[in-house]
Amino acid sequence: MGFQLSEEQQMFRSAVRALAEKELKPRAREIDESAEFPVDLIPKMAEMGLLSMAIPEECDGADVGAISIAIAIEEIGRVCGSTGLSVAAHTSLGCFPLARWGTPEQKGRWLPLLGSGASMGALCLTEPGAGSDLRGVKARGVRDRGDWVISGTKAWITNASLAKVLVVYLQTDPEAGKRGYSMLLVETDRPGVTIHPKEKKMGVRGSPTHQVSFDDVRVPAENLLGEEGRGLQQTLETLDGGRIGIGALAVGIAQGALEEAVTYARERTAFGRPVADFQAIQWMLADAETEIEAARLLVRRAAWLKEHGQRFTREAAMAKLYASEMAERVTRNAIQILGSYGYSSEYPVERMYRDARLMTIGEGTSEVQRLVIARQVLKRY
Amino acid sequence: MHIAICAKQTPSTTAVLAVEDGKVTWSDPGGSPDIANPWDEYAIEEAIRLKEKHGGKVTAISMGPEEAREALKTAIAMGCDEAVLVSDEAMKGSDTLATSYVLAKAIEKLGDVDLVIFGRQAVDGDTGQTSMQVARRLGWTPLSFVVAVDEVDAEGGTVTVTRAIEAGRQKVKGPLPAALSVLKEINEPRYPSFKGIRQATKYMRRSLPIWATADLEADSSKIGAAGSRVRWLQVYALPPKEGECTMIEADSPEAAAAELVDKLLEEKVL
Ligand SMILES: Cc1cc2nc3c(=O)[nH]c(=O)nc-3n(C[C@H](O)[C@H](O)[C@H](O)COP(=O)(O)OP(=O)(O)OC[C@H]3O[C@@H](n4cnc5c(N)ncnc54)[C@H](O)[C@@H]3O)c2cc1C
Ligand SMILES: Cc1cc2nc3c(=O)[nH]c(=O)nc-3n(C[C@H](O)[C@H](O)[C@H](O)COP(=O)(O)OP(=O)(O)OC[C@H]3O[C@@H](n4cnc5c(N)ncnc54)[C@H](O)[C@@H]3O)c2cc1C
């Protein structure tokens, strides 16, 4: 049993923190207010390896492993939830399926572009009419003379406007039940692909989210990612990994909020003493510290299992569920500790609260996580 | 071209220092308590850029205890090719005079170095002397406070740099080999990449050479406390800053300002 990060992981953490503190923290407010992703930082992040964390070394990736991915996303989330979400989606939803199921040609063509940030990764699952219910998607892929023809609309797609290629989850055989879904790669410059304007959101506003429509988009047969009919299983496996990322992001946001709250509580005085002296405030800080640590351990354990090639569906769902609900409480209390200033956009905690709010929804709602966990519990005992 | 850089491990800039019985200790709840001296990252970056432009290799040198490897780890992670730790019990208690002797010996041992680059100063010792002392010991061109390396002509054996001086900037050209100390203006150090970090941890575990006094063929009377001219007579923590806040209540801003001026005069601040 070991709870120590390796020397390599510790050093990676320091390096990511240095970048986050210097490049992202000073801009996090502007990124939120302008709702613009900091595209000028993409080359710097890429050079460090932050955009190739899930790309194998033979494709010029950093291939850092699930634990280091969690560490990096936590560190970015600690200062900027928007950038954290886009990097998490890029890594777990964009790069991962390509690295996992891509043919050598697909990997050779796309992974270097993703690793350099020339294309941000994006996965299209959700539709205007179906989110949690993956089998309820209406978008179709139909074979036609050796090509695929795609029609339908996807919604809430992170990074779509920064992507050159989308991983698209489609129904490809309505008769085949669970085996009737597939993943196809769709280049965003194909005729018939429309990336709609950015959604206006409550939080993670700097992470671009778009509706994408496919109007009889024709792609060649070699754009099939993985196996025909295995799209649902591939998606579930992808989401397992993605949930570790969202859990890590939630931990980072909560950590950032706690640090802000502590600094403020020490400086702010009321009734002649720092508010940090009041037990009511201390209890909130103690709970936050404890819950953040618990969430971090759940996240790291799920990551450890993934890195060691073991099953982690249950652990990833637990990490995501607990971390996201924890982050909502911790950011809520951070606002409470800062009082009126906490409610003001002059201070970062209200942004963190808005950012944290997504975590219980994206990549599977809390309800869906409970469903996944309950299924495992009922199987287990 | 063979470029060397000298880098020191120092406490992190956010470390909390404590002094007890003349002994200094530190910790950093936010991360690693020890780091590469921040100034030295500029030296490392400049060396790597020169290598990228002119070819050759970069070797990082650090003197310190066996476990003081942060500076070298950072150097390799950023892109230096090789690293050497110079370490020996006998080197304990070195002042800059003794440190510069040891570093000069190490550079001589490397043999074919054309250029050695230093940070401006170490954030702990803070003397800013070591670089120029090394230049003097080696008899190399000393170029301090460099803000730009304008040209390196390895064939012709010259280096042209811009130095910051009080009155402005000075462009100077001198023969190689040369010793440079660099200011933060010179560049923006890159972040260590994950691949670099992986390489660095491997290098530290498997390949890091450690040179002792005997390896340097150094004169033991010139190293460590024996070779030092400075003694630490007393080490103590600064007394904590105390202050109090007084709110000036007055009928108008003008009256408040007048009262403030009176108080400042009274306290001899003005
Ligand atoms: C900022 C942002 C970024 C996103 N990025 C992406 C992306 O990159 N790619 C992508 O494909 N999607 C993305 N999404 C979509 C996200 O994954 C979905 O919103 C999420 O899966 C929930 O789906 P839904 O919104 O359709 O809600 P629905 O599935 O319609 O659910 C509505 C409510 O019903 C509950 N519910 C549904 N089914 C059950 C059940 N069986 N038992 C109990 N309760 C249930 C849900 O928990 C929820 O409370 C993003 C969303 C946001 C807000
Ligand atoms: C009495 C006394 C005892 C001391 N005992 C010790 C001791 O036991 N262990 C110890 O580590 N220090 C010790 N020091 C501190 C040590 O002498 C100085 O840190 C060292 O000489 C460098 O001086 P500086 O820190 O002022 O560096 P500066 O001269 O400000 O540094 C300028 C540049 O020189 C280079 N440089 C400086 N030091 C090193 C180094 N060690 N290796 C590689 N490059 C370097 C870096 O590029 C740096 O940016 C002692 C000092 C005194 C006075």
Side-chain angles (χ1 to χ4, degrees), chain A residues 4-25 41 43-65 67-69 71-72 74-76 78-79 91 115-116 255-256 258-259 262-263 267 269 272 274 289, chain B residues 9-16 27-38 40-42 44-45 48-49 52 67-80 83 184 187-206 208 243-247:
Chain A
Q4 274 280 4
L5 295 180
S6 73
E7 197 183 345
E8 200 172 282
Q9 288 160 345
Q10 283 177 37
M11 198 172 176
F12 186 52
R13 174 174 174 256
S14 306
V16 180
R17 177 166 289 202
L19 177 138
E21 286 281 332
K22 182 151 168 251
E23 316 281 350
L24 282 170
K25 194 174 181 178
L41 289 181
K44 259 187 193 160
M45 293 197 281
E47 200 184 325
M48 231 184 124
L50 278 174
L51 300 181
S52 61
M53 295 192 289
I55 297 179
E57 281 182 89
E58 61 270 21
C59 300
D60 212 27
D63 198 8
V64 303
I67 300 172
S68 287
I69 292 177
I71 292 169
E74 179 187 332
E75 287 299 330
I76 298 173
R78 179 176 158 269
V79 301
T91 304
S116 70
Q255 177 70 35
L258 172 62
E259 289 174 27
V262 170
T263 307
E267 284 167 7
T269 56
E289 177 87 348
Chain B
Q9 173 176 309
T10 62
S12 95
T13 44
T14 50
V16 186
S27 62
D28 190 347
S32 168
D34 298 304
I35 57 167
N37 173 34
D40 298 346
E41 289 183 14
Y42 297 84
I44 296 167
E45 177 65 32
I48 296 170
R49 286 188 191 187
E52 284 167 352
E67 61 290 349
R69 297 179 180 199
E70 285 308 317
L72 296 179
K73 230 163 68 182
T74 302
I76 298 278
M78 284 174 70
C80 291
K184 289 187 179 176
N187 57 43
E188 193 191 344
R190 68 196 66 192
Y191 297 99
S193 70
F194 191 83
K195 278 186 216 172
I197 288 170
R198 184 175 288 156
Q199 217 163 345
T201 43
K202 226 183 269 170
Y203 191 93
M204 291 303 128
R205 255 197 314 269
R206 298 205 199 128
L208 180 70
E244 76 187 65
C245 178
T246 320
M247 297 302 289

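Heavy atoms only: backbone and side chains are in, while hydrogens, waters and symmetry mates are out. Here the structure is a predicted model, which means the values were calculated and not measured. Numbered from 1 within each chain, the chains take letters A, B, ... in sequence-line order.
Looking at A/K44, A/E47, A/M48 one by one, the single match for side-chain contact (heavy atoms from CB on, under 4.5 Å) with B/R190 turns out to be A/E47.
At a 4.5 Å heavy-atom cutoff, the contact between B/K73 and chain A is made by backbone and side-chain atoms alike. Neither the backbone nor the side chain of A/S6 has a heavy atom closer than 4.5 Å to any heavy atom of chain B. Residue contact with chain A, scored on non-hydrogen atoms closer than 4.5 Å, involves the side chain of B/E188 exclusively.
Atom CD of A/E289 has 12 or fewer neighbouring heavy atoms from other residues, nucleotides or ligands inside a 6.0 Å radius.
Against chain B, the residues from residues 18-25 of chain A that qualify, each with a non-hydrogen atom under 4.5 angstrom away, are A/A18, A/L19, A/K22, A/E23 in number order. Using a 4.5 Å cut-off between non-hydrogen atoms, the part of residues 53-61 of chain A that approaches chain B consists of A/E57, A/D60, A/G61.
Between chain A and the options B/R198, B/R205, B/K195, heavy-atom pairs under 4.5 Å are most frequent for B/R198.
Atom CD of residue A/E7 and atom CD1 of residue B/I197 lie 11.0 Å apart, to the nearest 0.5 angstrom.
Checked by atom type, the side-chain pair A/E8/B/T201 shows a donor-acceptor distance below 3.5 Å.
B/Y191 approaches A/A15 most closely through the heavy-atom pair CD2-O, 4.2 Å.
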